[in-house]
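In what follows, chains carry the letters A, B, and so on, assigned in the order in which the sequence lines appear, proteins first and then strands, with residues in each chain numbered from 1.
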Protein chains: 2
Amino acid sequence: MIIDKSSPIPQYFQLQTWLMEQIDQGVFRPDDQVPTEKELGQLTGLARATIRQAVGNLVNIGYLVRHRRLGTYVLDRKKENGKRTIIGILIPDIRTGYAPELARGAEDEAARQSHSLILCNTDDSYIMADRHADRLIEAQVSGIIFIPTANPVERNRLFIEKFTKRDIPVVLADRTIPDMAVDHVTTDNFQGALDLTSYLIKMGHRRIAIILNSALSTERERLEGYQAALAQHDIPVDPEIVIAEAGPFSKEHYQEYISSLLERRDRYTAIFAGHDRIAQLIYSAAQELGLDIPGDISLVGYDDLPFTTFSLTTMLQPIYELGRESLKLILSRIRGENGEPRRIVLKSNLVERSSVKALN
Amino acid sequence: MIIDKSSPIPQYFQLQTWLMEQIDQGVFRPDDQVPTEKELGQLTGLARATIRQAVGNLVNIGYLVRHRRLGTYVLDRKKENGKRTIIGILIPDIRTGYAPELARGAEDEAARQSHSLILCNTDDSYIMADRHADRLIEAQVSGIIFIPTANPVERNRLFIEKFTKRDIPVVLADRTIPDMAVDHVTTDNFQGALDLTSYLIKMGHRRIAIILNSALSTERERLEGYQAALAQHDIPVDPEIVIAEAGPFSKEHYQEYISSLLERRDRYTAIFAGHDRIAQLIYSAAQELGLDIPGDISLVGYDDLPFTTFSLTTMLQPIYELGRESLKLILSRIRGENGEPRRIVLKSNLVERSSVKALN
DNA sequence: ATTGTCTATTTGTCTATACAATAATACTGC
DNA sequence: GCAGTATTATTGTATAGACAAATAGACAAT
């Protein structure tokens with residue numbers, strides 16, 4: 001029986017729940033007609049007013065539509081809520097690095113398709129990300145673009161599950177989380193780092209230092225690319241000049257690593273900076289020590305941020321495109337496309353400027 | 001009579017409308033009890049089910065709350081929707097100038113108070129602003145932080161009215177619109193420019209060029225400050241070295257003005273750049289011509305953006321605070337504070353670096 | 001002073017019934 | 001064939017009445 005008359009649960013509510021289950025389980029499918037009020041009356045033995053109360057509530061929350069004389073139909077929610085939605089985007093800090101470019105790419109595409117973007121800064125901390133999460137859920141976002149924080153994998157996983165549990169799709173931008181079935185848009189960091197390191201080797205450098213943040217999947221991949229390039233040229237890795245520490249770093253942390261690295265500068269001729277902002281810090285630190293780049297040390301970065309401080313050879317990442325693609329992907333999920341998690345990898349390009357000296 | 005039985009308008013709907021009017025007109029005020037269903041029955045002569053239908057609808061759309069045994073009460077909508085809202089922020093471009101800093105200030109304060117921010121880029125064009133407007137209204141934003149576009153006043157006015165017509169409060173950030181009664185958060189551009197110009201004069205400069213975008217209220221005020229400073233020292237304004245054109249400019253536009261200004265460099269010893277990004281372009285152009293700053297030309301900017309290119313003496317604007325204050329102000333309006341439009345003016349500070357040569 | 005019980009009131013749930021409005025469909029007359 | 005008409009199923013609006021559940025407040029018991 002559909003209705004348990006002896007239950008303390010109101011009968012209209014029992015009917016309402018039953019109808020929702022049928023819809024969710026696909027017994028009544030989108031655009032199908034549900035039984036008429038009369039038929040529901042026969043099915044359940046309830047009065048028409050009670051049935052109207054149950055159905056009315058479902059109309060209110062957007063499960064059903066009623067048409068006079070034609071009957072009551074299941075609303076195609078996918079179709080409805082794909083129209084104009086709000087999407088949350090969580091980035092470390094809108095003021096730094098590639099965040100502005102990424103946000104702009106995402107926002108342009110969102111605006112083009114009449115969707116809106118809620119901006120959240122995480123400062124690379126899961127605590128802040130978590131605070132944003134509850135707010136975003138309340139604001140009824142339909143999807144999330146997330147740049148994982150520089151915290152242990154487990155923290156990021158829990159954050160994402162908050163959304164997936166509620167059927168809110170999540171796309172990871174740039175950074176990924178290992179062994180997690182989530183959509184992901186990134187650039188080919190391995191290949192990029194391999195190319196960049198190979199370029200240094202081609203320029204005659206064999207002892208190449210590297211400094212990066214191993215809490216970030218992107219930079220771990222760059223480390224692998226660096227190692228692969230060295231291996232290809234039978235150059236052993238010198239662990240003394242590989243600085244790959246995990247953690248969300250402040251400028252001061254980096255500066256310490258950099259100055260210790262600069263003290264060992266007899267061990268290398270070039271530095272591979274994990275991203276352009278590190279390269280910038282290295283440049284400043286070198287200047288203070290009276291060192292010339294590329295005269296004394298060659299330097300490459302990664303990102304191609306729009307600085308004007310000095311002429312850095314670096315790997316250009318298509319960040320604007322990365323933002324756009326992330327948004328397109330999340331929208332396709334919001335529109336109901338389901339299937340295997342997708343991984344979109346964009347190409348990077350070496351930008352040769354004048355921070356590398358040819359040794360040969 | 002409240003109900004017209006002969007009207008084709010359903011009676012529950014008449015009652016519903018009547019109740020809404022009473023609430024909107026303040027007959028029933030927030031947290032007041034409305035008549036009980038029984039009393040409404042006596043007042044209208046309708047059956048209780050009909051009354052319940054009317055009241056039920058108002059409960060659904062958030063006008064009323066029912067409490068068993070206690071009666072039905074008017075919801076304090078101000079209090080309710082002040083809880084967690086969405087606020088739109090329209091800035092020229094999240095990638096450039098002070099936009100990231102301003103957005104971060106606003107977002108931090110929003111997050112702190114559990115509100116969310118929808119980011120919109122206008123590219124300083126009213127056409128884009130307008131497209132965002134419709135979207136924001138559909139997304140049911142409760143307030144707008146708007147940096148007016150570099151378009152004629154009338155365009156910005158129309159944009160703002162789209163919101164005010166719908167009782168959505170608007171706060172102008174940084175730039176203002178003349179003769180318009182809107183809340184406004186800004187820095188004291190007149191005083192800042194006056195101080196900055198006075199500083200140049202104190203350093204021995206008497207012939208000071210200025211280049212700025214007169215489509216922006218902020219830069220117009222800076223021009224006035226500049227003129228006031230010259231007047232205070234009985235220095236006549238040389239119109240040949242005052243470049244104050246109106247319009248949204250591209251980098252190329254500025255570069256043209258700059259090169260024509262640099263051709264006339266016998267007429268001045270210092271340049272006041274309308275904002276730091278112009279100063280940056282002047283610096284680059286000067287370098288290309290082999291000119292030294294401050295050796296050949298002294299230069300000051302306005303904003304104190306975080307560049308690292310060169311050491312620019314400039315006027316620090318508290319942009320992060322400006323974002324925060326804008327958000328606080330809009331929230332107070334959303335919470336229902338009404339009264340005269342407010343104007344919050346933040347102090348700027350001269351940051352003395354090394355782009356100005358002392359001539360005395 | 002606290003706890004339990006009762007009462008009155010108000011909203012919550014439910015039944016049974018009636019007629020109105022709407023629109024798809026079948027039918028009728030030309 | 002086609003325009004107009006009648007039929008009919010379905011939701012929309014409305015009434016009258018009943019009992020259930022919750023709770024403020026009064027009162028009683030401990």
Side-chain angles (χ1 to χ4, degrees), chain A residues 1-20 22-23 28 30-76, chain B residues 1-20 22-23 28 30-76:
Chain A
M1 270 322 270
I2 299 167
I3 304 296
D4 176 2
K5 294 248 180 195
S6 67
S7 162
I9 298 164
Q11 299 170 49
Y12 80 92
F13 196 82
Q14 293 183 39
L15 173 56
Q16 186 178 327
T17 310
W18 179 79
L19 281 168
M20 281 176 71
Q22 302 303 302
I23 293 167
F28 303 138
D31 298 329
D32 274 7
Q33 183 175 8
V34 299
T36 65
E37 293 176 355
K38 199 181 189 183
E39 287 168 337
L40 285 173
Q42 288 159 359
L43 267 168
T44 59
L46 296 174
R48 189 169 155 231
T50 309
I51 287 159
R52 276 189 72 73
Q53 189 175 4
V55 172
N57 287 342
L58 291 178
V59 168
N60 270 332
I61 61 173
Y63 264 74
L64 301 173
V65 254
R66 289 197 278 217
H67 297 290
R68 195 171 268 201
R69 156 67 236 238
L70 302 178
T72 304
Y73 294 82
V74 178
L75 247 188
D76 191 340
Chain B
M1 269 327 268
I2 298 167
I3 303 296
D4 176 3
K5 293 248 178 194
S6 67
S7 162
I9 298 164
Q11 297 169 49
Y12 80 91
F13 196 81
Q14 294 183 39
L15 174 56
Q16 187 178 327
T17 311
W18 179 79
L19 281 167
M20 281 176 72
Q22 303 303 302
I23 293 167
F28 302 138
D31 297 330
D32 275 6
Q33 184 174 7
V34 299
T36 64
E37 294 177 355
K38 201 181 188 183
E39 286 167 339
L40 284 173
Q42 288 158 359
L43 267 168
T44 58
L46 297 174
R48 189 170 156 231
T50 309
I51 287 159
R52 276 189 73 72
Q53 189 175 4
V55 172
N57 287 342
L58 292 178
V59 169
N60 271 332
I61 61 174
Y63 264 74
L64 301 172
V65 252
R66 289 196 275 220
H67 296 290
R68 195 172 268 199
R69 155 68 235 243
L70 303 179
T72 304
Y73 294 82
V74 178
L75 247 188
D76 191 339

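- Listed by chain and residue number, Ile2(A), Ile3(A), Leu15(A), Leu46(A), Ile51(A) satisfy the side-chain contact (heavy atoms from CB on, under 4.5 Å) test with Thr44(A) (two or more places apart in sequence, or in another chain).
- Nearest heavy atom pair, residue Phe13(B) against residue Thr17(B), reads O-OG1, 2.7 Å.
- Leu75(B) contributes atom CG, which lies 8.0 Å from atom CG of Asp31(B) (distance to the nearest 0.5 angstrom).
- The only option from Val59(B), Asn57(B), Leu58(B), Leu64(B) that meets the side chain to side chain contact (heavy atoms under 4.5 Å, CB included) definition with Ile61(B) turns out to be Leu58(B).
- With a heavy-atom cut-off of 4.0 Å to chain B, the contacted part of DNA chain D has its first and last nucleotide at dT13(D) to dA24(D).
- Here the closest non-hydrogen pair linking Lys5(B) and Gly45(B) is NZ-O, 3.8 Å.
- In this view, Gln22(A) and Trp18(A), Val27(A), Phe28(A) satisfy the side-chain contact (heavy atoms from CB on, under 4.5 Å) rule, not counting sequence neighbours.
- Going from atom CD of Glu39(B) over to atom OG1 of Thr36(B) covers 3.5 Å, rounded to the nearest 0.5 Å.
- Between Ile23(A) and Tyr63(A) there is a side-chain heavy-atom pair separated by less than 4.5 Å.
- When every heavy atom of Gly71(B) is checked against every heavy atom of Gln33(B), the shortest pair comes out as CA-NE2, 3.4 Å.
- Proximity of Pro35(B) to Leu43(B): side-chain heavy atoms (C-beta onward) are separated by under 4.5 Å at one or more points.
- Put simply, the residue from Thr50(A), Val34(A), Thr72(A) that forms a side chain to side chain contact (heavy atoms under 4.5 Å, CB included) with Val55(A) is Thr72(A).
- Annotation: proximity of residues 43-53 of chain A to DNA chain C (heavy atom, distance under 4.0 Å) is found for Leu46(A), Ala47(A), Arg48(A), Ala49(A), Thr50(A), Gln53(A), numbered in ascending order.
- Ser6(A) pairs by the side-chain contact (heavy atoms from CB on, under 4.5 Å) definition with Asp4(A), not counting sequence neighbours.
- For the segment residues 9-19 of chain A, no residue has any heavy atom less than 4.0 angstrom from an atom of DNA chain D.
- Within the structure, the salt bridge (charged side-chain N to carboxylate O under 4.0 Å, His left out) test picks out the following pairs touching residues 53-75 of chain A (sequence neighbours left out): Glu37(A)-Arg66(A).
- Non-hydrogen atoms lying under 4.0 Å from DNA chain C are contributed by Arg68(A), Arg69(A), Leu70(A), all within residues 66-73 of chain A.
- Read 5' to 3', the first and last nucleotides of DNA chain C with an atom closer than 4.0 Å to a heavy atom of chain B are dA8(C) to dT13(C).
- Listed by first then second residue, pairs satisfying salt bridge (charged side-chain N to carboxylate O under 4.0 Å, His left out) with a partner in residues 6-16 of chain A number zero, not counting sequence neighbours.
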